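Written out below as structure tokens is the structure these notes cover.
Numbered from 1 within each chain, the chains take letters A, B, ... in sequence-line order. These figures come from a predicted structure and were not determined experimentally.
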Amino acid sequence: MTELDRGAVPARRAGAQESLPWEDVLSRPAVEAAPLVLGTVLTVRTPDGGAGGVPGEVAVRLTEVEAYSGETDPGSHAYRGLTARTAPMFEHGGRLYVYFTYGMHWCANLVCGTAGSASALLLRAGEVVSGVDVARARRPAARADRDLARGPARLAQALGLTGADSGLELAVGGRAELTPGERVDPALVRTGPRVGVAGAGGDGAVFPWRFWIDGEPTVSVYRPAVPRRR
DNA sequence: CGTGCGATATTCT
DNA sequence: GAATATCGCACGC
């Protein structure tokens, strides 16, 4: 296992962000792409309404992501091989993988790596930088603006993403688009264990595969994985 | 502010 | 049949 596999990403790597187009960044493994994706802006245009039926355009500046590494990662949906659901994860980076969980929530990933590698970044949180009105209409439960995309299911809902968007390729001017944001100080990039993933805390190996921008009010609250009680 | 718990349906075993 | 990459509300401090 390499240093990158352990999540020990050199801070310097995050510095080159603004000079790298997303095509290059997202063709790398998720653990490597994660610090570079922080601070970029994901724009989703849903004239048909998308989730919740509210049409419009919302842009989110990504402040927190988690890396999932396919066949070597027990926490990854792709761990047990290719299925109809996880098919987009096995394709080349630069598209979305959206899944349904807990009976009611959609969560969105940015697929990373090359075809066959099953690597992705779960989009855990972001700051809504445009389309705040649309996001608020989709998320009436949100108290403050900072809660609009604070948490993976909230972020997907604010952007109007559902399973219908899984596999969607990012494209300039398309339904989904990723653009560089303001430069993120590499010293502010933090790493820690993933949220809500069995094996990510306490028992056995813990990998710092969660990445976030320190000091951001939109970063979601950390919760260790808790086995469901019955 | 923090902890606890129910809702809910797809996916894979 | 069991588990789930979660959220929001209720309640107690």
Side-chain angles (χ1 to χ4, degrees), chain A residues 7 29-31 33-34 37-38 42 51-52 60 62-90 95-113 117-126 128 135-167 191-212 217-230:
Chain A
V31 172
V37 163
L38 289 177
L42 176 62
V60 164
L62 303 174
T63 57
E64 179 187 359
V65 298
E66 268 177 8
Y68 287 82
S69 308
E71 39 281 302
T72 61
D73 176 5
S76 170
H77 288 168
Y79 183 57
R80 283 163 219 285
L82 180 129
T83 66
R85 176 180 63 153
T86 60
M89 275 190 80
F90 287 83
R95 71 196 69 221
L96 301 179
Y97 163 55
V98 187
Y99 67 90
F100 189 71
T101 193
Y102 288 105
M104 63 194 92
H105 299 302
W106 296 101
C107 297
N109 292 250
L110 241 31
V111 176
C112 298
S117 69
S119 177
L121 286 173
L122 172 65
L123 308 179
R124 287 204 54 89
V128 176
R136 287 209 73 95
R138 290 171 178 166
R139 298 212 58 247
R143 296 267 174 192
D145 282 353
R146 76 174 212 176
D147 293 327
L148 287 172
R150 189 192 200 198
R154 294 163 164 185
L155 182 147
Q157 191 172 9
L159 288 174
L161 294 171
T162 71
D165 301 300
S166 196
T191 67
R194 294 181 297 193
V195 177
V197 180
D203 52 286
V206 177
F207 302 124
W209 282 342
R210 175 183 177 231
F211 297 76
W212 70 94
T218 52
V219 171
S220 67
V221 185
Y222 175 71
R223 295 203 192 295
V226 179
R228 300 292 295 155
R229 271 206 42 201
R230 31 178 267 100

All N/O contacts under 3.5 Å from nucleotides 11-13 of chain B to the protein, with atom names and distances to one decimal?
from	atom 1	to	atom 2	distance (Å)
B:dC12	OP1	A:T83	OG1	2.4

Exercise. Between A:R194 and A:D73, is there a salt bridge with N-O shorter than 4.0 Å?
Worked result: yes
Exercise. Considering residues at least two apart in sequence or located in another chain, which fulfil the ring pair (Phe, Tyr, Trp, His ring centres under 6.0 Å) criterion with A:F100?
Worked result: A:W106
Exercise. When you look at A:R136 and A:D145, which way does the salt bridge (Lys or Arg N to Asp or Glu O under 4.0 Å) test go after all the steps?
Worked result: CA-CA 8 Å; A:R136 287 209 73 95; A:D145 282 353; 2.5 Å; yes
What's the [atom1]-[atom2] distance between [X] and [N], to the nearest Å?
X	N	atom1	atom2	answer
A:D147	C:dT6	CG	C1'	14 Å
A:R154	C:dC9	CZ	C1'	12 Å
A:E64	C:dT6	CD	P	10 Å
A:L123	C:dT6	CG	C1'	15 Å
A:H105	C:dG8	NE2	C1'	8 Å
A:L121	C:dA5	CG	P	17 Å
A:Y99	C:dT6	OH	C1'	8 Å
A:E66	C:dT4	CD	C1'	14 Å

Exercise. Looking at residues 135-142 of chain A, who's got a heavy atom less than 4.0 Å off DNA chain B?
Worked result: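 Listed by number, there are none.
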Problem set entry | Passing candidate, side-chain contact (heavy atoms from CB on, under 4.5 Å) with A:L155, options A:V128, A:L161, A:L62, A:L148 |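 Passing option: A:L62.
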For this session: Would you please name every residue forming a side-chain contact (heavy atoms from CB on, under 4.5 Å) with A:T101, sequence neighbours left out?
Result: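 With sequence neighbours excluded, A:T101 shows a side-chain contact (heavy atoms from CB on, under 4.5 Å) to A:Y99, A:H105, A:C107, given in chain and number order.
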Exercise. Who pairs with A:S166 by side-chain contact (heavy atoms from CB on, under 4.5 Å), at least two apart in sequence or on another chain?
Worked result: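 So A:S166 forms a side-chain contact (heavy atoms from CB on, under 4.5 Å) with A:P88, A:Y97, A:V98.
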Exercise. Is any side-chain nitrogen or oxygen of A:R143 closer than 4.0 Å to OP1 or OP2 of C:dG8?
Worked result: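 No, outside the criterion.
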Exercise. Do any side-chain nitrogens or oxygens of A:R150 fall under 4.0 Å of OP1 or OP2 in C:dC7?
Worked result: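 No, outside the criterion.
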For this session: Establish, from distance only, whether the side-chain atoms of A:T72 and A:S69 form a donor-acceptor pair under 3.5 Å.
Result: no
For this session: Record whether the side chain of A:Y102 comes under 3.5 Å of the base of C:dA5 through a donor-acceptor pair of N or O atoms.
Result: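 There is none.
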Exercise. For DNA chain B, what string of dots and brackets results from 5' to 3' when Watson-Crick and G-U pairs need both distances under 3.5 Å, crossing pairs get [ ], and pairs with another strand get |?
Worked result: |||||||.||||.
For this session: Can you see which heavy atom on A:S117 is nearest to which on A:C112, and at what distance?
Result: OG-O, 3.8 Å
Exercise. Any sub-3.5 Å donor-acceptor pair from A:R124's side-chain atoms to A:V65's backbone N or O?
Worked result: no
Exercise. Would you say the side-chain atoms of A:R139 pair up with the backbone N or O of A:A135, donor to acceptor, closer than 3.5 Å?
Worked result: no
Exercise. Below 4.5 Å, heavy atoms only, C-beta onward: do A:R210 and A:T191 meet side chain to side chain?
Worked result: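 Counting from C-beta outward, A:R210 and A:T191 never come under 4.5 Å.
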